[in-house]
Amino acid sequence: MSDVDPPDWALPSWDAMPADPADRADRLRPVGPGSTGTSGDPGLGRPPAAPGTSGVRILGVSDVTRAIRGAVRSDPRLADLWVEGEIGRVTVSSAGHAYFALKDERNQLQCVWFRDQRVRSAFEAQAGLRIVAHGRIDLFEPQGALQLYVESIQPAGLGDLTLRFEALKARLATEGLFDGTRKRPLPTRPATIAVITSPTGAVWKDICHVLGRRWPLTRVVLVAAQVQGEAAPKSLVAAFRKVERHAAERVAAGHPDEAPVVTILARGGGSLEDLWAFNDEAVVRAVVAHTLPVVCGVGHEADVTLADFAADVRAPTPSAAAEVVVPDRAESLAAIRAAGRRLDAGATGRLDSVAREVVAERRALDRLSPLAQLASARERVGLLLDRGTRAIIAALGTRRTATERLAVRVGPTLPARLARERGRLERADALDPSAIRRVAAARASLGTAAAALAVLGPQATLDRGYSIVRRADDARIVRDPVDAPPGTRLALRVARGDLPATADDR
């Protein structure tokens, strides 16, 4: 290639392009596999170039980004690496993802730290802090940005122990040992608590003091264990097993209240090397597999161990762990007193309401009592009697007035009328004998008819020993036995009275 010829990847200069559009289209049309361009390289997909030009293949932006992404992902060195640098400006999105740049004296690398990894980290990304970031390099295709996807960070210069801590933490987190979904709630008022710690340190005394001050009803079981040194992990794992065996034995013996229901794992503060037993994988798995809820109070507030992540509840200090597992008796007493006051107020209000209801019912009963009804009836009778008396007196007065008026009108004519009527009576006494005979004959005929009627009447029949049978319920005369089935109550009318009877099945 001469000094004036462009490289194979460069576009030709515009003055070297053919003037004919058809020639240009032919030159830009790709060829099949195995074809060669002007340089003779097989498989490049370039058509033969016109004299004075070089072959060109135009790629899309997506093609280029995918090629770069494939090259980056195929490099194992970029899939898992540790990068040291200084943090630039940090931006945290509303979703909780952190974006920052790692930089040195000459270059910078854009970094993305997703929320899930960021919330589990003991350190936070801050501008100007020199850190060691662990993650992978990948390409964000929509923006063509090459970024470091951070999984964890730590301040630079902490050494291999910190790297081992972060590596083990990442591996155990991948297994789900630190998931919040497996965290168990603590009992509200534990009767017995197991404490795994050194019996010779101040931690044990502090825990006993806090438990005695806050909730003295709780029984405390000390399970001694080494909390520092090479033998500490094995001792801690054995302590968890002792707690489980003791709880099972107490339940089997019929004393479930003496079985621990929560376990405190505690140790005082120290360096990372001093606390390394609580970062041991066996200890972490023992915490996760423990049958009781575990409260971890190891070190000071700034100290973080893997046992803290695995425990159901992490307390900043051993004393704080003791405060977490039991309620405060002062607060409980205040709550009980407040509940008592509410109960008293509710009971008093209820009693007042019931008393008002009783008074209302008593008044209603007083109005409905026989004495009250009788008094009311007597009052009504008195009123009616007064009204009746007044009405009768008024009526008598009216009739007396009318009688007096009539006497005034009839008085003058009464003697004459009496005289006339007396004359008529005298004349009636002087009737002739024929009328007397007619009256005697009529009286004899009436006597004969009365005798004949008496013979035919029902009383004469009853006098001869007969009776009239009636049903007692409706007084109907029984003429047929069907009308009086067995069990029917009857009334027998005889000559001198009535007899009760009952029909039977004969």
Side-chain angles (χ1 to χ4, degrees), residues 75-88 90 92 96-104 109-138 147-180 182-183 227-228 230 232-233 236-237 265 267 269-288 294 296-311 314-316:
D75 191 343
R77 297 173 301 174
L78 302 179
D80 186 5
L81 73 163
W82 298 81
V83 183
E84 182 178 353
E86 181 182 338
I87 298 178
V90 180
V92 179
H97 309 321
Y99 302 89
F100 57 91
L102 274 182
K103 58 185 180 179
D104 56 15
L109 176 63
Q110 298 299 322
C111 301
V112 179
W113 197 10
F114 291 129
R115 178 183 178 278
D116 293 341
Q117 287 82 16
R118 191 171 67 86
V119 296
R120 290 199 295 264
S121 175
F123 306 102
E124 187 64 47
Q126 299 179 7
L129 181 65
R130 190 167 187 83
I131 65 167
V132 175
H134 175 240
R136 59 183 175 85
I137 297 292
D138 205 345
Q147 302 178 129
L148 173 63
Y149 289 83
V150 179
E151 296 181 0
S152 63
I153 67 171
Q154 62 186 22
L158 294 182
D160 290 339
L161 208 56
T162 302
L163 297 179
R164 286 172 54 193
F165 176 89
E166 292 296 335
L168 181 58
K169 174 187 171 185
R171 181 163 59 85
L172 297 180
T174 304
E175 296 183 20
L177 300 186
F178 304 151
D179 289 344
R182 54 159 295 276
K183 306 293 185 179
V227 294
Q228 185 174 341
E230 295 182 358
L236 292 173
V237 172
L265 178 63
R267 187 204 186 280
S271 63
L272 183 59
E273 291 81 0
D274 296 336
L275 303 179
W276 190 252
F278 298 90
N279 296 322
D280 188 85
E281 182 176 356
V283 174
V284 174
R285 294 188 182 277
V287 172
V288 174
V294 178
C296 186
V298 175
H300 300 299
E301 187 170 359
D303 298 326
V304 179
T305 65
L306 296 182
D308 292 324
F309 293 103
R314 185 229 175 209

Classify the ring geometry between F309 and F178 as parallel (under 30°), tilted (30 to 60°) or perpendicular (over 60°). tilted

Out of curiosity, L129 CG to E124 CD, how far, rounded to the nearest 0.5 Å? 10.5 Å

For D80, check side chain to side chain donor-acceptor pair (under 3.5 Å) against everything at least two apart and list the hits. H134

Only counting residues at least two apart or in another chain, list the ones meeting ring pair (Phe, Tyr, Trp, His ring centres under 6.0 Å) with H97. F114

Taking C-beta and beyond as the side chain, do V294 and V288 meet within less than 4.5 Å on heavy atoms? no

Can you find a heavy atom in the side chain of V284 that is under 4.5 Å from one in the side chain of L168? no

Check: A310 main-chain N/O paired with R182 side-chain donor or acceptor under 3.5 Å: yes

CD/Q126 to CZ/F100 distance, rounded to the nearest 0.5 angstrom? 11.5 Å

Answer whether the closest heavy-atom distance between the side chains of S121 and W113 falls below 4.5 Å. yes

Would you call W82 and E166 a side-chain contact if the rule is heavy atoms closer than 4.5 Å? yes

Working note: T305 + V283, criterion side-chain contact (heavy atoms from CB on, under 4.5 Å); need CA distance, chi angles, decisive distance, verdict. CA-CA 11 Å; T305 65; V283 174; over 6 Å; no

Side chain R314, main chain C296, donor-acceptor under 3.5 Å: no

Is the shortest distance from a Lys or Arg side-chain nitrogen in R136 or E151 to a carboxylate oxygen in the other one below 4.0 Å? no

How long is the straight-line distance from CG of L177 back to CZ of R171, given to the nearest 0.5 Å? 9.5 Å

List the atom of L265, the atom of A307, and the distance in Å for their closest heavy-atom pair. CD2-CB, 4.3 Å

Evaluate whether atom CD of E301 has more than 12 neighbouring non-hydrogen atoms of other residues, nucleotides or ligands under 6.0 angstrom away. no

Heavy-atom nearest pair, I153 first then A125, reads CD1-N, 3.8 Å

Go through the steps to decide whether V150 and V112 satisfy the test side-chain contact (heavy atoms from CB on, under 4.5 Å), and finish with yes or no. CA-CA 6 Å; V150 179; V112 179; over 6 Å; no

Would L148 and V83 satisfy side-chain contact (heavy atoms from CB on, under 4.5 Å), going step by step from the backbone distance to the final call? CA-CA 9 Å; L148 173 63; V83 183; 4.1 Å; yes

Any salt bridge between E281 and K169, counting N to O under 4.0 Å? no

Between the side chain of D280 and the main-chain N/O of A277, is any donor-acceptor distance below 3.5 Å? no

Check E86 against G128 and note the closest heavy-atom contact, atom names and distance. OE2-CA, 3.7 Å

Would you say that L236 contacts F278 through its side chain, given a criterion of any heavy-atom pair below 4.5 Å between the two side chains? yes

Gap between atom CG of N279 and atom CG of L306 - 0.5 Å precision: 4.5 Å

Separation between NZ (K103) and CD1 (I87), nearest 0.5 Å, reads 10.5 Å

Look up atom CH2 in W276 and atom CD in E230, then write down how far apart they are to the nearest 0.5 Å. 14.0 Å

Under 3.5 Å, side chain of R118 to main-chain N/O of R120, donor-acceptor pair present? no

Other residues, nucleotides, ligands: >12 heavy atoms within 6.0 Å of R130 CZ: yes

